[in-house]
> 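Here it is, the structure, as structure tokens.
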Amino acid sequence: MGLGTQEVCHISFVVKDIEKTVKNWSVLLGIDLPRIWNIPTPEEAPALTNGVLEDYSDCRISVIKMKNITVEFVQPGQKSSPWKTWLEEHGEGFQHISFVVEDRDAAKKLIQDEFGVADWYHIGYYPGGTYAFYDTKNALGTEINIKSNDDNTAMITELLKGWNTQS
């Protein structure tokens, strides 16, 4: 059965200093310095960790697209986040591998059945897709990020109903 794909969307690294890291990668690869930006606010792309809607907009991200793979770098901010937790527990380095799947529910069931991971611990929604982190480190040596190209417009509206009054 499997995930239904063997194509990697990206690999992701958690780093302490994103500016230094992407500068060094651009020198290594002989490319222009990639753009660095902050992770979107919940109003733009809501994300939940352990079922709680959180604001990760103090985290910074950069992406380098190579011919055969995309590499993502995330620098955690001061607030609690999946990336800050990873950095504190594992240090800098490789955090997850990401796959885009056709059937997100089937991928979730596979991860549950084969690796004993009950559910995602972090999930994010944007209008044209979803991503979900699964803690598969014990079984696979890293976390898995399952992405799908869903229309999440209604989900985002529902998630944000109480957010603006809380923040």
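Because only heavy atoms are used, hydrogens play no part in the values below, and waters and symmetry mates are left out as well, while side chains stay in.
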> Could you go step by step and tell me if Ile18 and Val15 meet the side-chain contact (heavy atoms from CB on, under 4.5 Å) rule?
CA-CA 6 Å; Ile18 199 165; Val15 299; 4.1 Å; yes
> Rounded to the nearest 0.5 Å, how far does OG1 of Thr136 lie from CD of Glu114?
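One finds 13.0 Å between CD of Glu114 and OG1 of Thr136.
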> Check whether more than 12 heavy atoms from other residues, nucleotides or ligands sit under 6.0 Å from atom CD of Glu102, and answer yes or no.
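Not more than 12 within 6.0 Å, no.
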> Would you compute the distance between atom OG of Ser12 and atom CG of Asn145 and round it to the nearest 0.5 angstrom?
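Here the rounded value is 8.0 Å.
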> Verify side-chain contact (heavy atoms from CB on, under 4.5 Å) between Thr85 and Thr49, making sure each step is shown before the conclusion.
CA-CA 11 Å; Thr85 299; Thr49 300; over 6 Å; no
> Quick one: list whatever passes ring-ring contact (aromatic ring centres under 6.0 Å, His included) with Trp86, sequence neighbours left out.
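For Trp86, the residues satisfying ring-ring contact (aromatic ring centres under 6.0 Å, His included) (neighbours in sequence not counted) are His90.
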> Going by ring-ring contact (aromatic ring centres under 6.0 Å, His included), name the pairs with one or both residues in residues 46-69, residues two or more places apart or in two chains.
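Of all non-adjacent pairs touching residues 46-69, those that pass ring-ring contact (aromatic ring centres under 6.0 Å, His included) are Tyr56-Trp83, Tyr56-His122.
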> Search all heavy atoms of Ile156 against all heavy atoms of Tyr126 and return the closest pair with its distance.
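Of all heavy-atom pairs spanning Ile156 and Tyr126, the closest is CD1-C, 3.6 Å.
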> Under a 4.5 Å cut-off applied to non-hydrogen side-chain atoms, are Glu72 and Ile11 in contact?
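Of all side-chain heavy-atom pairs linking Ile11 with Glu72, none is under 4.5 Å.
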> Does any part of the side chain of Phe73, heavy atoms only, come nearer than 4.5 Å to the side chain of Val71, both counted from C-beta?
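Yes, side chains in contact.
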> Would Ile123 end up clustered with Ile39 when hydrophobic side chains under 4.5 Å apart are linked, directly or stepwise?
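Cluster IDs for Ile123 and Ile39 differ.
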> Can you confirm whether Thr142 sits close enough to Gln95 that some side-chain heavy atom of one is under 4.5 Å from a side-chain heavy atom of the other?
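Thr142 vs Gln95: side chains apart.
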> Could you verify whether a donor N or O on one side chain and an acceptor N or O on the other, from Ser57 and Asn38, lie under 3.5 Å apart?
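No pair is found: no donor N or O on one side chain lies under 3.5 Å from an acceptor on the other.
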> Given Asp119 and Lys108, is the side-chain contact (heavy atoms from CB on, under 4.5 Å) satisfied, shown in steps?
CA-CA 7 Å; Asp119 208 346; Lys108 178 178 174 176; 2.9 Å; yes
> Can you find a heavy atom in the side chain of Lys147 that is under 4.5 Å from one in the side chain of His10?
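A side-chain contact under 4.5 Å exists here.
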> Taking atom types as modelled, find out whether Asn152 and Thr130 have a side-chain donor-acceptor pair closer than 3.5 angstrom.
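The criterion, which ignores hydrogens and geometry beyond distance, is satisfied for Thr130 and Asn152.
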> Linking I/L/V/M/F/W/Y whenever their side-chain heavy atoms sit closer than 4.5 Å, directly or via other members, would Leu140 and Val101 fall into one cluster?
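Yes, same cluster.
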> Does the side chain of Val100 come within less than 4.5 Å of Thr5's, by heavy atoms?
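Side chain of Thr5 against side chain of Val100, heavy atoms only: no contact under 4.5 Å found.
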> Quick check: closest heavy atoms across Glu54 and Pro42, and the distance to 0.1 Å?
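Smallest heavy-atom distance, with atoms named: O-CG, 3.4 Å.
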> Are Trp25 and Val14 joined in one hydrophobic group, where the rule is that I, L, V, M, F, W and Y side chains link up if heavy atoms are under 4.5 Å apart?
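The answer is no; the residues belong to distinct hydrophobic clusters.
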> Under 3.5 Å, which donor-acceptor pairs link side chains of residues 58-66 to any protein atom two or more places apart or in another chain?
from  : atom 1 : to    : atom 2 : distance (Å)
Asp58 : OD2    : Gln78 : N      : 2.8
Asp58 : OD2    : Lys79 : N      : 3.0
Arg60 : NH1    : Glu19 : OE2    : 3.4
Arg60 : NH2    : Glu19 : OE2    : 3.0
Ser62 : OG     : Arg35 : O      : 2.8

> Side chains of Trp120 and Phe133: does their closest heavy-atom pair fall under 4.5 Å?
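When only atoms from C-beta onward are counted, Phe133 and Trp120 do not touch, as no gap falls below 4.5 Å.
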> If you measure from CG on Asn50 to OH on Tyr121, what distance do you get to the nearest 0.5 Å?
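Between Asn50 CG and Tyr121 OH, I get 9.0 Å after rounding to 0.5 Å.
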> For the backbone of Gly77 and the side chain of Ser81, can you confirm whether one donor and one acceptor N or O come within less than 3.5 Å of each other?
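No; zero donor-acceptor contacts below 3.5 Å.
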> Group every Ile, Leu, Val, Met, Phe, Trp and Tyr by side-chain heavy-atom contacts under 4.5 Å, then state whether Ile69 and Ile31 land in the same group.
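Ile69 clusters together with Ile31.
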> My understanding is that only residues two or more places apart in sequence, or in another chain, count here; which of them pass side chain to side chain donor-acceptor pair (under 3.5 Å) with Glu44?
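So Glu44 forms a side chain to side chain donor-acceptor pair (under 3.5 Å) with Thr41.
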> When clusters are formed by joining ILVMFWY residues with side-chain heavy atoms under 4.5 Å apart, either directly or through shared neighbours, do Trp37 and Val74 land in the same one?
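Yes, Trp37 connects to Val74 through the hydrophobic network.
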> Where the side chain of Gln112 meets the backbone of Ala118, is there a donor-acceptor pair that is under 3.5 Å apart?
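Flag set: sc Gln112 to bb Ala118 pair under 3.5 Å.
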> Please confirm whether the backbone N or O of Ala107 pairs with a side-chain atom of Asp105, one donor and one acceptor, at under 3.5 Å?
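No, Asp105 side chain to Ala107 backbone: no donor-acceptor pair under 3.5 Å.
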> To check you understand the geometry: which heavy-atom pair defines the closest contact between Leu160 and Pro46, and what is its length?
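Closest approach of Leu160 to Pro46: CD2-CB, 4.3 Å.
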> Under 4.5 Å between any side-chain heavy atoms of Val8 and Ser98, yes or no?
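Answer no - side chains too far apart.
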> Minimum heavy-atom separation for Leu48 and Gly51, please, with both atom names.
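In terms of heavy atoms, the two residues are closest at CD2-O, 3.4 Å.
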> Under the side chain to side chain donor-acceptor pair (under 3.5 Å) test, which residues partner Asp113, sequence neighbours left out?
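Asp113: side chain to side chain donor-acceptor pair (under 3.5 Å) contacts with Lys109.
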> Does the side chain of Leu159 reach to within under 4.5 Å of the side chain of Tyr125, using non-hydrogen atoms?
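Leu159 reaches Tyr125 side chain to side chain.
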> Enter the distance from Ile144:CD1 to Leu110:CG here, rounded to the nearest 0.5 Å.
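Taking CD1 in Ile144 and CG in Leu110, the distance rounds to 10.0 Å.
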> For the CZ atom of Arg104 and the CG atom of Leu3, what is their distance to the nearest 0.5 Å?
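Answer for the CZ-CG pair, Arg104 versus Leu3, is 14.0 Å.
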> Test of understanding: with ring-ring contact (aromatic ring centres under 6.0 Å, His included), list the residues that count as partners of Phe94, not counting sequence neighbours.
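With neighbours one apart ignored, the set is Phe13.
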